[in-house]
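The structure appears below as structure tokens.
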Amino acid sequence: MTPLLEVKGLKKYFPQRSGLFNQKTSYFKAVDDVSFTVPKGKTLGLVGESGSGKTTIGKCAIRLLEPTEGKILFDGEDISHLPRKVMQQRRSDIQMIYQSPAASLNSRMTIGQIIAEPLWIHQKMGGYQAQQRVLELLNVVGLKEEHYHRFPHEFSGGQQQRVGIARALAVNPKLIILDEPTSALDVSVQAQVLNLLQQLQDDFDLTYVFISHDLGVVRYLCDEVALLYLGKIVEIASVKTIFEAPKHPYTQALISAIPEPDPEDKKEQILLKGDATSARPRQGCPFAGRCHAPKIAACETKEPPLIATDAGHYVACHLHTTHSHPSGEHHA
Ligand code: SF4
């Protein structure tokens, strides 16, 4: 299947400064050698705790952040180092929807103006034509024509997120980065927004990267899921494989924490102790300080590479190093 987005060896390091003259002393490796592909019309979930690098990857993919190293190919074109002006023209193809709808909508603009703004900027569309397009988009996301002249504060969280989705759709994007689009919403509203996103993907042949800290949420929308831990992918596979046969102890722990709708199916939860950064050992596997699996000597001395354990299933854990993988890269 043709990939729409290819990320190869992506690194994003932030300089850490300290001392009297605020000099650069080290680097914080927010994203450290991450590779994946997202085929056209499919959804990849990027899942991890805060500090795992998932949002940084999303921002690098649309060049809101400059990658330190690595390549980002969009529809076959290397966009990793496109000049800002050229990148601006590509922005209509790649849109981002944010976690907090209220914060991402300008409170002094009407809903009509908010949704029309990308049309003015990217397509130089104005007047009657833009107004008609906004009305059409309101309908597409389940809002009404009378909402056109209202302001964001008059809407519920779910409605505000629908406005954010309409704004992103305005310029007919091919790829949408969804950065925790439902985490600020009530559970009942979350399901409605997820259904809407699913419907829009089918109707407009959209490709999604779905960023979330909640593995349970990505289950219904994603085709493939990548688990991120301290800036690296530790497991990536189809959503079915991740949920039915997770191999990395971190993935197993996250799955065990998902509440079951039926209390009869209640499984034992694997508790994750501490947080990723403070529990990180000086050497060996970055997850060793929190791992529940019976460890082997290599866990304490060598960082496990991401390797293929089955077709399309990659894991970074010494317990699964049966087939070595030459590059550590993932190719969907
Ligand atoms: Fe746990 Fe060792 Fe696997 Fe790391 S490599 S996840 S410490 S078993």
Side-chain angles (χ1 to χ4, degrees), residues 3 5-14 26-38 44-49 51-54 56-57 60-61 67-73 80 209 211 215 222 224-239 241-255 270 272 275-277 279-332:
L5 178 69
E6 284 184 79
V7 171
K8 294 182 176 179
L10 178 69
K11 294 183 182 175
K12 179 64 189 173
Y13 295 176
F14 293 99
S26 60
Y27 285 93
F28 168 63
K29 298 177 177 181
V31 179
D32 197 13
D33 201 6
V34 162
S35 303
F36 58 80
T37 59
V38 193
L44 170 73
L46 294 180
V47 178
E49 296 162 290
S52 61
K54 55 192 189 303
T56 307
I57 294 173
C60 286
T68 306
E69 237 182 274
K71 272 194 177 164
I72 297 156
L73 291 112
S80 349
V209 173
I211 296 168
L215 199 46
C222 294
E224 196 172 38
V225 182
L227 278 299
L228 286 147
Y229 193 78
L230 289 172
K232 294 191 175 188
I233 293 179
V234 294
E235 184 160 14
I236 182 165
S238 71
V239 73
T241 303
I242 288 290
F243 279 90
E244 289 179 6
K247 286 190 170 165
H248 197 284
Y250 179 57
T251 315
Q252 292 167 350
L254 293 186
I255 288 177
I270 303 164
L272 277 174
D275 67 80
T277 314
R280 180 180 196 148
R282 280 178 182 273
Q283 58 171 12
C285 172
F287 188 61
R290 304 169 85 193
C291 183
H292 64 273
K295 294 189 216 38
I296 56 171
C299 301
E300 315 290 341
T301 55
K302 198 170 154 244
E303 186 164 342
L306 188 68
I307 56 133
T309 62
D310 298 294
H313 190 176
Y314 293 74
V315 185
C317 171
H318 290 307
L319 303 181
H320 301 282
T321 49
T322 44
H323 315 278
S324 66
H325 188 273
S327 66
E329 270 191 19
H330 162 70
H331 299 281

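Residues satisfying the salt bridge (charged side-chain N to carboxylate O under 4.0 Å, His left out) criterion with Lys12, sequence neighbours excluded, are absent altogether.
A donor-acceptor pair under 3.5 Å links the side-chain atoms of Thr68 to the main chain of Tyr13, judged by distance alone. With Ser80 contributing its side chain and Ile72 its backbone, the two residues share a donor-acceptor pair below 3.5 Å. Side chain of His313 to main chain of Lys247: no donor-acceptor pair is present (N/O by atom type, distance under 3.5 Å, no hydrogens or angles).
If you look at His248 and Tyr229, their ring centroids are not closer than 6.0 Å.
The side-chain heavy atoms of Ile236 and Phe36, taken from C-beta on, include a pair separated by under 4.5 Å. Between Cys299 and Cys291 the shortest side-chain heavy-atom distance does not fall below 4.5 Å. In this structure, Glu235 and Ile242 have side chains that are in contact, with non-hydrogen atoms separated by less than 4.5 Å. At a threshold of 4.5 Å between non-hydrogen side-chain atoms, the residues Lys8 and Leu73 count as touching. Put simply, the side chain of Pro286 reaches to within 4.5 Å of the side chain of Glu303, judged on heavy atoms. At a threshold of 4.5 Å between non-hydrogen side-chain atoms, the residues Val47 and Leu228 do not count as touching.
By the 4.0 Å N-to-carboxylate-O rule, Glu49 lies close enough to Arg290 to be salt-bridged with it. Lys11 and Asp33 are not joined by a salt bridge, as no carboxylate oxygen comes within less than 4.0 angstrom of a charged side-chain nitrogen.
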